[in-house]
Amino acid sequence: MTMTTAELRQTFLNFFAQQNHQIVDSSSLVPADDPTLLFTNAGMNQFKDCFLGAEKRSYTRATTSQKCVRAGGKHNDLENVGYTARHHTFFEMLGNFSFGDYFKEEAISFAWQFLTQELKLPKEKLCVTIYHNDEEAFEIWNKKIGVAAEDIIRIGDKSPDKKYESDNFWAMGDTGPCGPCTEIFYDHGESHWGGRPGTPEEDGDRFIEIWNVVFMQFNRYADGTMEPLPKPSVDTGMGIERISAIMQGVHSNYEIDIFQNLIKYVAQLLNVTDLDNKSLRVIADHIRSCGFLIADGVMPSNEGRGYVLRRIIRRAIRHGNQLGANEVFFYKVYQALIEQMGQAYPYLEQQKVVVERVLKSEEEQFLKTLDRGLNILNDALKTLDGEVIPGDLVFKLYDTYGFPVDLTNDVARENNYSIDEAGFEACMAEQRKRAQQASNFGVDYNDAISTDTQSSFTGYELEQDQSKVSEIILDGKQVDSVEAGTDALVILENTPFYAESGGQVGDTGRLTLDGQDAFEVSDTVKIGDAFAHKGQTKLKLSIGSTLGAEVDSDRRQAIKLNHSATHLLHSALRLVLGEHVSQKGSLVQPDKLRFDFSHFEGMTAAELEKVESLVNEKIRQNNELTTKLMNIDEAKSAGAMALFGEKYDDEVRVVSMGEFSTELCGGTHVQRTGDIGFFKITSEAGIAAGVRRIEAVTGQAAYNAVKQAEQSIGELAALLKSDSASIADKLRALIDKNKSLEKANQQLQDKLSSQAGSDLLSKVVEVNGVKLLAAEISGVEAKALRGTLDQLKQKVGSGVIVLGLKGEDKVNLIAGVTADLTAKVKAGELVSNLAQQVGGKGGGRPDMAQAGGSQPENLAKALESVSSWLATKA
């Protein structure tokens with residue numbers, strides 16, 4: 001049975017309507033009142049409150065075809081889209097749901113009935129999985145549905161210590177509704193590599209999951225207790241693209257009708273003749289997500305959902321350019337989307353003007369980013385009242401048009417203007433707030449921890465102090481006291497513990513009560529103006545208790561070395577690479593430092609060596625490190641480097657290391673540069689357009705890195721029977737010799753392969769008028785079999801060729817069928833038959849197939865069987 005995607009969608013909904021299910025329209029891609037989701041990504045999203053019992057509807061059975069997007073948050077495979085058979089940004093999920101109505105037996109029966117009776121899929125093509133101890137599901141599949149026990153695969157937990165963490169156990173979160181699930185897999189056949197679920201080959205493309213039935217059976221509590229739900233429910237999902245591929249007799253989702261029609265439309269629009277081009281797939285996929293998202297009210301922007309949309313649009317445009325598009329084109333593809341899916345989703349046509357306008361505008365904007373930014377800035381300068389460019393304009397150029405802030409500053413300076421840094425910083429602060437809110441997608445709580453308490457930091461001078469407990473936070477709530485053995489946040493009136501900030505990680509250590517360990521501090525974080533000590537209590541603690549605070553001094557010292565080194569590194573990079581270098585981020589840990597900076601190309605080995613040498617020179621100079629509190633304007637006038645866009649108080653801390661480095665910084669540092677000891681760069685790489693990253697180590701870690709390198713060099717010298725100074729020359733000579741030997745070996749293999757092929761022609765026989773050569777070959781490598789086969793096919797002209805090659809404990813087989821015979825003789829089928837005789841598996845195309853086996857002693861007998869096998873085909 002062949003069925004279009006539209007017919008399949010309607011058939012599914014009609015089937016469940018006949019089973020007394022309410023057909024419910026797909027919800028918006030923007031989840032309603034659910035801050036834990038970036039986009040609707042499953043059919044059950046709109047019924048979440050029904051499953052939780054918080055919402056009652058007029059029906060207890062429902063069915064939907066839900067549009068979904070997975071392109072952001074934890075569900076993000078954007079870079080795979082277009083390059084694999086089943087990755088998409090947008091897809092439709094067919095589903096049926098029971099809210100305390102029917103349960104396992106009916107859900108399993110409905111799924112099996114729809115697939116085998118309604119769609120008439122062969123039962124032998126299907127197998128199922130269950131959670132390993134779900135005996136009820138096994139009995140239903142085996143006794144009532146009639147699936148053989150060997151076709152019911154039990155899937156256990158991923159590890160013994162992670163109970164219920166299984167592909168066949170579903171949970172809404174760490175707590176709440178959960179339960180086992182059963183999945184149905186379709187076998188695409190031996191021509192595709194892969195094995196059944198639960199086997200080492202399960203990641204192959206042969207057995208594909210098409211239906212998942214989740215049994216919401218339990219309520220899980222924080223302590224791991226599983227309590228049966230009073231009204232067990234069912235949530236199912238079947239990707240329409242996957243089942244369409246099966247019903248249309250194709251393997252890849254991109255071969256189904258919807259995608260093929262979109263691909264052909266784009267190809268015609270851009271004058272592309274190769275319909276298998278991956279960029280066509282990308283554009284076809286992306287117009288679906290972009291069109292539906294905009295139609296659902298999402299607009300391109302620089303945060304949250306809008307940012308994901310903008311990324312998808314720009315990715316599609318880039319692939320269009322790769323196909324030769326030299327003008328805006330993407331918005332035109334939306335018409336093809338309407339033609340393919342407008343009948344099921346009429347609002348696509350209703351939103352046509354809006355969607356096309358947004359897409360066209362976004363593409364034009366993307367293509368003219370730089371020109372647009374300059375034009376806006378120049379126009380603003382002409383009408384500017386005063387000599388300061390407003391901060392909101394600077395932010396708009398940066399945020400909306402991607403116009404670099406430092407370029408805005410350059411243009412302003414050239415025209416005798418300045419920019420409103422404070423106004424820009426205020427806009428950036430608002431953006432950070434929005435970004436923080438957006439980053440909560442996927443988090444199971446709605447409200448961030450907040451406090452009005454303030455802490456005084458004493459850690460610049462002290463690593464031990466005493467202070468009273470001003471606040472205790474347990475599970476996000478303020479409490480008066482906390483018992484021993486409890487994870488909590490403790491806030492002190494004053495503390496020597498540095499809270500994570502500015503790239504420097506938080507301190508660890510301990511809090512003591514009357515000389516006894518009372519609280520083990522695993523991290524220190526900022527909550528507003530408070531420094532919160534995160535960890536576990538050893539004794540009962542109460543608000544008002546006086547505690548000793550002791551920082552892990554060794555760890556703090558290692559962090560100091562790395563933090564001070566980042567300042568030296570920043571200045572060294574600017575000297576070696578140029579004044580355009582600016583810090584784009586950093587991470588200061590006890591074991592290493594990471595420094596991100598703006599630069600347009602990868603650093604050369606000479607540049608890296610120069611930077612490293614310069615930093616170590618400043619370390620050896622042993623300059624005193626000085627800190628001063630200054631007015632922000634005074635600090636900048638003194639030449640202190642600030643991270644533009646970072647928020648600074650009116651009074652700032654200026655850290656100087658001689659005349660070489662002066663920066664605004666609130667972190668902890670060494671007393672003199674010589675304390676750093678030694679600095680060693682371990683890596684340099686690009687992490688984004690125009691942004692590079694250096695990782696390095698200092699002090700003992702740097703010494704260890706050098707010693708490890710020396711050890712490796714010593715081992716290498718010993719292997720080469722050389723001294724350290726001669727390693728390069730010795731290795732170079734060895735590589736040249738190896739290349740020469742490889743070339744000679746390849747020439748010999750080609751000669752042997754050609755000779756072997758010629759000798760084999762005398763063994764050609766005829767079977768029912770078809771030439772057959774089935775022979776064992778020797779003296780060549782396995783990788784040469786393909787070349788030998790191709791030569792023989794040319795010489796035979798028309799026929800079937802099978803070659804076998806023995807190894808010590810293995811055998812390699814290859815079969816070829818000339819093009820005129822593939823209609824009745826399939827190389828893949830032939831090789832599969834032979835592979836079974838030599839203890840292996842294999843398959844391939846009708847014209848060429850390969851296989852391997854573990855029983856070389858059976859090769860001769862297997863080759864003898866080819867003649868009789870061919871007689872039944874020719």
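Positions are given from 1 along the sequence.
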*Asks:* Does a side-chain N-to-carboxylate-O contact under 4.0 Å join Glu710 and Lys707?
*Replies:*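 A salt bridge is present here (some side-chain N lies under 4.0 Å from a carboxylate O).
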*Asks:* What's the verdict on side-chain contact (heavy atoms from CB on, under 4.5 Å) for Val697 and Asp591, showing C-alpha distance, side-chain angles and the deciding distance?
*Replies:* CA-CA 7 Å; Val697 287; Asp591 58 331; over 6 Å; no
*Asks:* Regarding Asn858 and Gln855, do their side chains bring together a donor and an acceptor under 3.5 Å, going by distance alone?
*Replies:*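 Judged by distance alone, the side chains do pair up.
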*Asks:* For the pair Glu695 and Lys592, find out whether any cationic side-chain nitrogen is under 4.0 Å from an anionic carboxylate oxygen.
*Replies:*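 Yes, Glu695 and Lys592 are salt-bridged.
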*Asks:* Mind checking the CG-CG spacing from Leu785 to Asp790? Nearest 0.5 Å is all I need.
*Replies:*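 With rounding to 0.5 Å, CG (Leu785) is 11.0 Å from CG (Asp790).
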*Asks:* Can you measure from CG (Leu834) to NZ (Lys861) and round to the nearest 0.5 angstrom?
*Replies:*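 Output value for this atom pair is 13.0 Å.
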*Asks:* How far apart are the closest heavy atoms of Ile312 and Ser289, and which atoms are they?
*Replies:*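 Heavy-atom minimum between the residues: CG2-OG, 3.6 Å.
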*Asks:* Give the C-alpha distance, both sets of side-chain angles, the deciding distance and a yes or no for side-chain contact (heavy atoms from CB on, under 4.5 Å) between Thr182 and Ile108.
*Replies:* CA-CA 8 Å; Thr182 183; Ile108 290 173; 4.2 Å; yes
*Asks:* In Å, rounded to the nearest 0.5 Å, how long is the span from CD1 of Ile814 to CG of Leu803?
*Replies:*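 Ile814 CD1 to Leu803 CG: 7.0 Å, rounded to 0.5 Å.
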*Asks:* Main chain of Gly852, side chain of Asn812: is a donor-acceptor contact present, judged purely on distance under 3.5 Å?
*Replies:*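 Side chain of Asn812 to backbone of Gly852: no pair is present.
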*Asks:* Check whether the side chains of His188 and Asp205 place a donor and an acceptor atom closer than 3.5 Å, and report yes or no.
*Replies:*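 No donor-acceptor contact under 3.5 Å links the two side chains.
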*Asks:* Do Asp151 and Arg196 sit within salt-bridge range, that is, some charged N less than 4.0 Å from a carboxylate O?
*Replies:*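 Judged by the 4.0 Å cut-off on N to carboxylate O distance, Asp151 and Arg196 do form a salt bridge.
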*Asks:* When you check the side-chain N and O atoms of Asp820 and Thr818, is any donor under 3.5 Å from an acceptor?
*Replies:*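 Their side chains do contain a donor-acceptor pair, which is all the 3.5 Å distance test asks for.
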*Asks:* Check whether the side chains of Asp157 and Ser166 place a donor and an acceptor atom closer than 3.5 Å, and report yes or no.
*Replies:*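 Asp157 vs Ser166: no donor-acceptor pair found between side chains.
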*Asks:* Identify the two heavy atoms, one from Leu126 and one from Leu121, that lie closest to each other, and give their separation to 0.1 Å.
*Replies:*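 Closest pair (atom of Leu126, atom of Leu121, distance): CD2-CD1, 4.4 Å.
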*Asks:* With a 4.5 Å heavy-atom cut-off, do Leu813 and Gln850 have their side chains touching?
*Replies:*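 Not touching, per the 4.5 Å side-chain cut-off.
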*Asks:* Looking at Val811, is its backbone amide N or carbonyl O close enough to the side chain of Lys806 to form a donor-acceptor pair, meaning the two atoms are under 3.5 Å apart?
*Replies:*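 Pair absent, no side-chain N/O of Lys806 close to backbone of Val811.
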*Asks:* In terms of side-chain geometry, is the basic nitrogen of Lys144 or Glu139 positioned less than 4.0 Å from the acidic oxygen of its partner?
*Replies:*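 Looking at Lys144 and Glu139, the cut-off is not met.
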*Asks:* Do the ring centers of Tyr164 and Phe169 come within less than 6.0 Å of each other?
*Replies:*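 Yes: the rings meet the under 6.0 Å criterion.
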*Asks:* With rounding to the nearest 0.5 angstrom, report the NZ to CG distance, Lys739 to Leu734.
*Replies:*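 So the gap between those two atoms works out to 12.0 Å.
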*Asks:* One pair to check against side-chain contact (heavy atoms from CB on, under 4.5 Å): Phe110 and Thr236. What are the steps and the verdict?
*Replies:* CA-CA 11 Å; Phe110 288 153; Thr236 82; over 6 Å; no
*Asks:* Can Asn168 and Thr129 be counted as having a side-chain donor-acceptor contact under 3.5 angstrom?
*Replies:*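 Looking only at side-chain atoms, Thr129 and Asn168 do form a donor-acceptor pair, the distance falling under 3.5 Å.
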*Asks:* Return yes if some donor-acceptor pair links the side-chain N/O of Lys826 with the main-chain N/O of Thr822 below 3.5 Å, else return no.
*Replies:*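 Yes: the side chain of Lys826 pairs with the backbone of Thr822.
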*Asks:* Can you tell me if Asn96 uses its side chain to pair, donor with acceptor, with the backbone of Asp235 under 3.5 Å?
*Replies:*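 Checking the backbone N and O of Asp235 against the side chain of Asn96, no donor-acceptor pair under 3.5 Å is found.
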*Asks:* Does any non-hydrogen side-chain atom of Lys771 lie less than 4.5 Å from one of Val800?
*Replies:*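 Val800 vs Lys771: side chains apart.
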*Asks:* Over all heavy atoms of both residues, which pair between Arg70 and Asn41 is shortest? Give the atoms and the distance, please.
*Replies:*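 Heavy atoms only, the tightest pair is NH2-O, 2.8 Å.
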*Asks:* Roughly how far apart are Met247 CE and Tyr186 OH, rounded to 0.5 Å?
*Replies:*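 Met247 CE to Tyr186 OH: 9.0 Å, rounded to 0.5 Å.
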*Asks:* Determine whether Val214 and Val234 make a side-chain contact, defined as any pair of heavy atoms from C-beta on separated by less than 4.5 Å.
*Replies:*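 No. Closest side-chain heavy atoms not under 4.5 Å.
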*Asks:* Hey, which of Arg281, Arg242, His88, Glu241 is the one that makes side chain to side chain donor-acceptor pair (under 3.5 Å) with Asn253?
*Replies:*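 Per the side chain to side chain donor-acceptor pair (under 3.5 Å) rule, the option paired with Asn253 is His88, out of Arg281, Arg242, His88, Glu241.
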*Asks:* Under a 4.0 Å threshold between the charged nitrogen and the carboxylate oxygen, would Lys104 count as salt-bridged to Glu136?
*Replies:*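 Between Lys104 and Glu136 there is a salt bridge, with a charged N closer than 4.0 Å to a carboxylate O.
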*Asks:* So, for Phe114 and Phe12, is the gap between ring centers shorter than 6.0 Å?
*Replies:*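 For Phe114 and Phe12, the ring centres are under 6.0 Å apart.
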*Asks:* What I'd like to find out is whether the side chain of Ile243 reaches to under 4.5 Å of the side chain of Leu115, using heavy atoms alone.
*Replies:*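 The answer is yes, as the side chains (C-beta and beyond) meet within the 4.5 Å cut-off.
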*Asks:* Could you tell me if Arg154 sits above the aromatic ring of Phe138, with its cationic atom closer than 6.0 Å to the ring centre and no more than 45 degrees from the axis?
*Replies:*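 Ring-cation test returns yes.
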*Asks:* Hey, which of Lys824, Arg845, Lys873 is the one that makes salt bridge (charged side-chain N to carboxylate O under 4.0 Å, His left out) with Glu829?
*Replies:*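 Of Lys824, Arg845, Lys873, salt bridge (charged side-chain N to carboxylate O under 4.0 Å, His left out) with Glu829 is met by Lys873 alone.
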*Asks:* Are the side chains of Leu772 and Glu766 in touch, meaning some heavy atoms are under 4.5 Å apart?
*Replies:*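 SC-SC contact between Leu772 and Glu766 ruled out.
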*Asks:* Answer with yes or no whether the side chains of Ser726 and Asp729 bring together a donor and an acceptor at under 3.5 Å.
*Replies:*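 Short answer, no.
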*Asks:* Search all heavy atoms of Met848 against all heavy atoms of Ala827 and return the closest pair with its distance.
*Replies:*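 Result for this residue pair: N-CB, 3.7 Å.
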*Asks:* Evaluate the side-chain contact (heavy atoms from CB on, under 4.5 Å) criterion for residues Lys810 and Ser854: first the C-alpha distance (whole Å), next the side-chain angles of each, then the deciding distance (0.1 Å), finally the verdict.
*Replies:* CA-CA 4 Å; Lys810 65 180 179 179; Ser854 58; 5.9 Å; no
*Asks:* For Glu150, is the CD atom crowded, meaning more than 12 foreign heavy atoms sit under 6.0 Å from it?
*Replies:*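 Check passes, neighbour count above 12.
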*Asks:* Looking only at atom types and distance, does a side-chain atom of Ser109 sit under 3.5 Å from a main-chain N or O of Glu105, one as donor and one as acceptor?
*Replies:*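 Confirmed, Ser109 side chain pairs with Glu105 backbone.
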*Asks:* State, with a plain yes or no, whether a side-chain heavy atom of Ile240 is found less than 4.5 Å away from one of Arg9.
*Replies:*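 When only atoms from C-beta onward are counted, Arg9 and Ile240 do touch, with a gap below 4.5 Å.
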*Asks:* Between Pro180 and Asp134, what is the shortest heavy-atom contact and its length?
*Replies:*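 Answer, listing the atom of Pro180 first, then Asp134: CG-OD2, 3.5 Å.
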*Asks:* Please verify the inter-ring angle class for Phe259 with Tyr254; under 30° counts as parallel, over 60° as perpendicular, anything in between as tilted.
*Replies:*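 Ring orientation, 0 to 90° scale: tilted.
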*Asks:* Hydrogens and angles aside, do Asn833 and Gln837 bring a side-chain donor and acceptor to less than 3.5 Å of each other?
*Replies:*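 Yes, side-chain donor-acceptor contact under 3.5 Å.
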*Asks:* What distance separates Ile145 CD1 from Lys123 NZ, expressed to the nearest 0.5 Å?
*Replies:*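 Taking CD1 in Ile145 and NZ in Lys123, the distance rounds to 9.0 Å.
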*Asks:* Donor-acceptor pair, Arg288 side chain versus Phe90 backbone, under 3.5 Å?
*Replies:*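 Checking the backbone N and O of Phe90 against the side chain of Arg288, a donor-acceptor pair under 3.5 Å is found.
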*Asks:* Taking the side chain as everything from C-beta on, heavy atoms only, tell me whether Gln248 gets closer than 4.5 Å to Glu255.
*Replies:*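 When only atoms from C-beta onward are counted, Glu255 and Gln248 do not touch, as no gap falls below 4.5 Å.
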*Asks:* Please give me the minimum heavy-atom distance between Gly816 and Leu789, naming the atom from each residue.
*Replies:*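 The answer is N-CD1, 3.8 Å.
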*Asks:* Treating Glu202 as the side-chain partner and Gly198 as the backbone partner, does any N or O pair qualify as donor plus acceptor under 3.5 Å?
*Replies:*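 Side chain of Glu202 to backbone of Gly198: a pair is present.
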*Asks:* How about Trp869 and Val825: do any of their side-chain heavy atoms sit closer than 4.5 Å?
*Replies:*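 The answer is yes; the side chains approach within 4.5 Å.
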